[in-house]
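A short write-up of the structure that comes next.
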Amino acid sequence: MIYGIAILIIITAIYFITIVRIILGFNKMKSKKDVILKTNESPKISVIIPFRNEEVNLQNCLESFQNQNFDINHFEIILVNDHSNDKSVQIVENFIQNSDLSIRLTSLVEKTSKKEALKVGIELAQNPIIATTDADCIVSNNWLQSIAVNFSNKKDMLLGPVLFSKSVGFLAAFQSLDMFAIQGVEFGALGFNQPILNNAANLSYSKKAFSKVGGFDSFDTPSGDDIFLLEKFKSKGLKINGVLSNDFLVETQPEKTWSSFFNQRVRWSSKSKHYSDKFLLFISGLILIQNIALLFIYLGILLVEKHCLTFLFLLLTKWLIDFILLFLVASFFKRKSTMFYFIPVQLVYPIYVITVWIASVLLSFEWKGRKY
């Protein structure tokens, strides 16, 4: 028993120290201001939006580009249809007829997957900067302006924040708090120049740099085009930066059911076996191990009266550092009300993490009507 408690103390201490560093890095990114170079002409941008069966979201996504504070002559939108069988294509065609934006619509013919759709879009892109988002996303009004400013400052890849749109209920809060954690880790690590996470819903890079690294990875995974591309950029020593700003925020839709949410998270987790970045592997492994340890801490509080206070101290230590990180992120993005769900989410989070990990290793899953 003593040896088991000692192991739990060590795991919790390592986790605590790591999250403290993440918090410090996030604060660095918060206070970081990019130097805006004075230029007479902003770099031109090609926005790539792959989509499959997004009839519910495409109109709102495209309208957010109609509202950009950016010269419409300095960007194009390329939409790539990945074999949709709903009204998505019709919605795009109708929007094109009534818009003054430069929009092109194309479709995959034989190949499938988001990665293939992005490849087609990049091949068609006429501008030096590639920006990607998803069809269920709404970009902030200054999104393109922020990208142009940063690539005027000679970036090769730019990472941006992604949050779920405000929704009510426990499922929505669970997803939001989970995303707060992801954003905290992403920008916390970036604050110490250790980029390990990104999100294709808010990602941009130079077309030249994309070619330099040889394009996307060759892994047969339904996701990961973003993280694996980040790893390739890092391996070539390219300049990677991020902007932590509400003016650069992209909002996406939370899943509506527990089943679709579970499938989404299993899909995200399924790519982890291909990670090569040592710090990402460390963070991912530490989070998994800490959540496994947390189950033993729960059992210790309930069953081991002699050491109940020790187990309770470990639990509160873990909850405290998590609360600080999540509250910091929630406050920055003006979502503090979501923290009302902190304790109920914390209680079930270890079961969620462990279940998703096991399912991603052992089970198949479905996404967009396809089984993997």
Side-chain angles (χ1 to χ4, degrees), residues 19 22-23 25-26 29-30 57 61 132-140 143 159-191 195-203 223-224 226-227 230 242-258 260-272 280 283-284 287-288 291 321-353 355-357 360 367:
I19 300 303
I22 292 296
I23 290 169
F26 189 88
M29 289 299 298
K30 252 192 350 177
N57 300 306
C61 177
T132 68
T133 192
D134 295 333
D136 62 349
C137 291
I138 295 174
V139 302
S140 60
W143 192 65
L159 284 53
V162 179
L163 291 183
F164 289 115
S165 300
K166 292 181 180 179
S167 300
V168 297
F170 182 73
L171 175 58
F174 191 102
Q175 293 177 78
S176 291
L177 288 172
D178 190 40
M179 185 60 83
F180 291 166
I182 292 171
Q183 296 300 293
V185 171
E186 176 180 338
F187 287 96
L190 191 60
I196 56 172
L197 293 174
N198 60 358
N199 192 320
N202 193 350
L203 183 64
S223 67
D226 40 19
I227 288 181
L230 172 65
V243 172
L244 184 57
S245 168
N246 281 286
D247 282 341
F248 193 46
L249 180 63
V250 168
E251 291 192 6
T252 187
Q253 299 301 312
E255 296 301 317
K256 306 300 182 185
T257 66
W258 284 102
S260 60
F261 166 65
F262 183 75
N263 269 286
Q264 182 193 61
R265 292 309 199 266
V266 171
R267 178 174 66 95
W268 288 2
S269 181
S270 65
K271 62 180 177 285
S272 60
L280 177 56
I283 291 289
S284 302
I287 291 172
L288 176 61
N291 279 282
I321 199 63
D322 283 352
F323 182 87
I324 294 171
L325 175 62
L326 294 177
F327 186 79
L328 179 67
V329 178
S331 298
F332 182 80
F333 291 113
K334 301 177 176 61
R335 302 285 184 88
K336 287 190 287 187
S337 61
T338 310
M339 295 302 295
F340 175 81
Y341 291 90
F342 175 77
I343 290 179
V345 168
Q346 283 285 308
L347 286 170
V348 300
Y349 200 77
I351 299 171
Y352 152 74
V353 169
T355 303
V356 167
W357 171 62
S360 69
W367 190 252

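Checked by atom type and distance alone, the side chain of Asp134 never pairs as donor or acceptor with a backbone atom of Asp136 at under 3.5 Å. Remark: the backbone N or O of Glu255 is paired with a side-chain donor or acceptor of Gln175 at under 3.5 angstrom. At least one donor-acceptor pair closer than 3.5 Å links the side chain of Gln183 to the backbone N or O of Val162. For Asp178 (side chain) and Phe174 (main-chain N/O), no donor-acceptor pair under 3.5 Å exists by modelled atom type. Side-chain atoms of Ser269 never come within 3.5 Å of backbone atoms of Val266 as a donor-acceptor pair (strictly under, hydrogens ignored). Side chain of Ser165 to backbone of Glu251: no donor-acceptor contact under 3.5 angstrom is found. Side chain of Ser331 to main chain of Leu328: no donor-acceptor pair is present (N/O by atom type, distance under 3.5 Å, no hydrogens or angles).
In this structure, Phe332 CZ and Asn246 CG are separated by 5.5 Å, a value rounded to the nearest 0.5 Å. In this structure, Leu230 CG and Glu186 CD are separated by 8.5 Å, a value rounded to the nearest 0.5 Å. Between Arg265 atom CZ and Ser360 atom OG the span is 13.0 Å, to the nearest 0.5 Å. Here the CG-CD1 distance, from Leu197 to Ile283, works out to 8.5 Å after rounding to the nearest 0.5 Å. Here CG of Asp322 is found 14.0 Å from CZ of Phe180. Values are rounded to the nearest 0.5 Å. For the atom pair CG (Asp226) and CG (Asn202), the distance works out to 11.0 Å, reported to the nearest 0.5 Å.
Shortest non-hydrogen contact noted between Phe327 and Met339 is N-CE, 3.8 Å. Residues Leu190 and Pro195 come closest through the heavy atom pair CD1-CB, 3.6 Å. Minimum heavy-atom separation, Asp247 to Ser140: O-OG, 2.5 Å. Taking each heavy atom of Phe248 and Leu159 in turn, the nearest pair found is CE2-O, 3.8 Å.
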From CA spacing to verdict: side chain to side chain contact (heavy atoms under 4.5 Å, CB included), Ile227, Leu280 | CA-CA 10 Å; Ile227 288 181; Leu280 177 56; 4.1 Å; yes
Would you sort out whether Thr355 and Phe262 count as a side chain to side chain contact (heavy atoms under 4.5 Å, CB included), showing the intermediate values?
-> CA-CA 9 Å; Thr355 303; Phe262 183 75; 3.8 Å; yes
When you look at Tyr352 and Phe261, which way does the ring pair (Phe, Tyr, Trp, His ring centres under 6.0 Å) test go after all the steps?
-> CA-CA 11 Å; Tyr352 152 74; Phe261 166 65; 5.6 Å; yes
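Between Leu326 and Thr338, every side-chain heavy-atom pair lies at or beyond the 4.5 Å cut-off. Residues Ser167 and Pro254 have side chains in contact (heavy-atom distance under 4.5 Å, counting atoms from C-beta outward). In this structure, Val329 and Phe187 have side chains that are not in contact, with every pair of non-hydrogen atoms separated by 4.5 Å or more.
Counting non-hydrogen atoms of other residues, nucleotides and ligands closer than 6.0 Å to NZ of Lys336 gives a total of 12 or fewer.
Using a 30° and 60° split on the angle between ring planes, Trp258 and Phe170 fall in the tilted class, from 30° to 60°.
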